Amino acid sequence: MAEHDVARRDFLVKAAQGTAMAATGGLLWVYLLKQEARAHPFALRPPGALAEKDFNAACIKCGQCVVGCPYHTLKLSGSGSDLPIGMPFFEPREIPCYLCPDIPCMKACPTGALSPELKNINDSRMGLAVIDLENCLSWKGLRCEICHRECPLKGKAITLETHPRGISKHAMFYPIVNSEYCTGCGICEKACPTTEAAIRILPHKLVQGKIGDHYRLGWTFDTEITQDFKPSDVIGPGEGKTLAPGKAPGQDYLNSGDL
Amino acid sequence: MSDLGGYDARLDALASTEKVHNLSFTGKLWSWRYIVLRRFTQLGILLLFYGTAHWAWQWPEKTPLLSGNLSASEFIGLIPLADPLAALQIFLAGHVLRQETLIGVAIVFGFYLLVSGRTFCAWMCPVNMVTDLAGWLRGKLDIRALFHVHRNVRYFILAATLILSALTGVAAFEWVSPVGMMHREIIFGIGFGFLALLAIFLFDLLILKNGWCGHLCPLGAFWSLVGKAGLVRVRFDKTSCTHCGECAKVCPEPQVLNLKKLEERGLVFSGECSNCGRCTALCPEGSLAFDLRPLIRQHNARAAGSTGH
């Protein structure tokens, strides 16, 4: 074999080895990153946090929000924990978010992972309160309603509904969470007197369903149903009442034709 | 004649070595001055972060003194600071950076352009304390390398950091960085980051000398690239150097002390020099010393003139 052939072979082998090393290392690295990034679906993020994927990309893991929080609510996740490494989260049963009107955590964030577009703390959506009906004292028939009383958006985020109770003359007072207003601050979870909290904050995507645009809840609209339905007009059922007359979505197939 | 000259030179070198090894106690202490200073800055910065996070240190009133960590921080509520490599990764991961981050990046980047990039490694990075300990212990125990890794591997890892950030949508190095882990977990609470540090310690101690900082760390690689243009450099005076080689023995990046290049340039030119000051404090002839780049040429010309070279 000519000398340059040997050199060429040598070079090709080296190049292949180098590529193999890079590919192996790169794959391992990507695997690690993917593991970390999808680590835990239960993490509750500070107010204004971007959607999970964007938050993962944007957070620089500096902890300035943690320093900014006057209630020591926020913590950074350590490596080896269930949560993606080094990012802020809170556990409402320990310390909830007390909804500072000036949002110091968001202001401390240098990268915008906590979005400065959040102007009013009551618009933050850190999670959604969910009641365990089986273990809620109020739903069992006791007079508790502590979550309702402690809720910073009481009467909006948590409302009470009275129901007659069997043969007793005393009514039941059911706390109801309204996702339209609930910020997920977790003050209710902190206040709940049961041994394990019967009301908890969970990320929206774990608990919140979606009915789909094609259902028409005719009785929520105090307006005439029209023919000029466009999918873009669809608004959630709670907001339906605010629709301008003549704008209600849905097709009036029941009242059309030769009926 | 040339033989005799070589013999003389060797005697000079031996005399220099002798000087290094026969330092008086105070001389020895003095030769550690940069190590003491470096620990002071490394721990001092850590303390400022820790005090702000845990004891609510404030200055001016009601303003956190130094909030954050080495990834990004804010000093006295006024000056934003941000790690340029972290910011670059975040940008590549698909997030448009805010002005505040960009200003922070500019400040940090400008600072390390002045003092030379890898000054970060020796004077700021907390992992340096771990790897210095491993390196020192390795010297004491006289442990040989298990295998060799090319020092340029770190540049490939740096490239991979950037590529993977773009591919995976998360800052690839920040999510595994032992530098970030150590600083974060000391300041904001304990995780299992110490295991990563233990791994680095053992790797440096038993497997590869200066393995992490000198071969693998992409942050060090990044600052090496920046460091080439640095203003604070180690100047080399070839007229007084006796070629004793003591500097290369203590240097964690001995390739930067390549004698031929030193003589050519009159300074440690490579960006891989971390300005740790080991060589300058040790050099028995004063041939290596910290200086500002623009002053070095002048100084060397003067030195050459005074000895008639």
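Note that the structure is a prediction, hence the values are computed from the model and not measured. Every chain is numbered from 1 and lettered A, B, ... according to where its sequence line falls, protein lines coming before strand lines.
- When each of Leu102(B), Val176(B), Asp83(B) is checked for heavy-atom pairs under 4.5 Å with chain A, Val176(B) comes out on top.
- Gln64(A) and Ser73(B) are not linked by any side-chain donor-acceptor pair at a separation below 3.5 angstrom, with hydrogens and angles left out of the test.
- Taking CD1 of Ile85(A) as the start and CH2 of Trp175(B) as the end, the distance is 8.5 Å to the nearest 0.5 Å.
- When heavy atoms are compared at a cutoff of 4.5 Å, Glu185(B) approaches chain A solely by way of its side chain, counted from C-beta outward.
- Residue Ile163(B): no heavy atom, backbone or side chain, is found under 4.5 Å from chain A.
- The stretch residues 42-73 of chain A participates, sequence neighbours left out, in these ring-ring contact (aromatic ring centres under 6.0 Å, His included) pairs: His40(A)-Phe42(A), Tyr71(A)-Tyr98(A).
- If you tally non-hydrogen atom pairs under 4.5 Å between each of Ser67(B), Gly191(B), Ser71(B), Gly193(B) and chain A, the highest count goes to Ser67(B).
- Heavy-atom pairs under 4.5 Å with chain A were tallied for Phe194(B), Phe156(B), Phe192(B), Phe49(B); the largest tally goes to Phe192(B).
- Interface remark: of the candidates Leu50(A), Leu76(A), Val66(A), Asp54(A), Leu76(A) forms the most heavy-atom pairs closer than 4.5 Å to chain B.
- Atom CG in Leu153(A) sits 4.5 Å away from atom CG in Asn122(A) (nearest 0.5 Å).
- Donor-acceptor pairing under 3.5 Å is lacking for the side chains of Arg138(B) and Asn210(B).
- Along residues 190-205 of chain A, no residue comes nearer than 4.5 angstrom to chain B, judged on non-hydrogen atoms.
- For Ser177(B), no part lies under 4.5 angstrom from a heavy atom of chain A.
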Side-chain donor-acceptor pairs under 3.5 Å in residues 86-93 of chain B, sequence neighbours left out?
unit_1	atom_1	unit_2	atom_2	d
Gln89(B)	OE1	Ala172(B)	N	3.3
Gln89(B)	OE1	Phe173(B)	N	2.7
Gln89(B)	OE1	Glu174(B)	N	3.2
Gln89(B)	NE2	Leu85(B)	O	3.4
Gln89(B)	NE2	Glu174(B)	OE2	3.1

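- The aromatic rings of Phe120(B) and Tyr112(B) lie perpendicular to each other, with more than 60° between the two planes, well past the 30° mark.
- Contacts with chain A were tallied for Leu164(B), Leu97(B), Ile103(B), Val96(B); Leu164(B) has the most, counting heavy-atom pairs under 4.5 Å.
- The candidate with the highest count of non-hydrogen atom pairs below 4.5 Å against chain B, out of Ala113(A), Pro116(A), Cys59(A), is Pro116(A).
- With a threshold of 4.5 angstrom between heavy atoms, Met21(A) does not approach chain B through any atom at all.
- Using a cut-off of 4.0 Å between Lys/Arg side-chain N and Asp/Glu carboxylate O, Glu272(B) and Arg154(B) are scored as salt-bridged.
- Interface check for chain B: of the options Ser77(A), Ala108(A), Gly78(A), Ala57(A), the most heavy-atom pairs under 4.5 Å are formed by Ala57(A).
- Between Phe203(B) and Phe147(B), the angle of the ring planes lies from 30° to 60°, which puts this pair in the tilted group.
- Of the charged side-chain nitrogens involved, at least one lies within less than 4.0 Å of a carboxylate oxygen, so that Glu253(B) and Arg118(B) count as a salt-bridged pair.
- If you measure heavy-atom distances from Ile60(A) to chain B, the contacts under 4.5 Å come from both the backbone and the side chain.
- With a threshold of 4.5 angstrom between heavy atoms, Pro64(B) approaches chain A through side-chain atoms but not through N, CA, C or O.
- Evaluation of the ring-ring contact (aromatic ring centres under 6.0 Å, His included) test over residues 56-80 of chain B, restricted to residues two or more places apart or in two chains, returns Trp55(B)-Trp57(B).
- Side chains of Thr131(B) and Asp204(B): no donor on one and acceptor on the other come within 3.5 Å.
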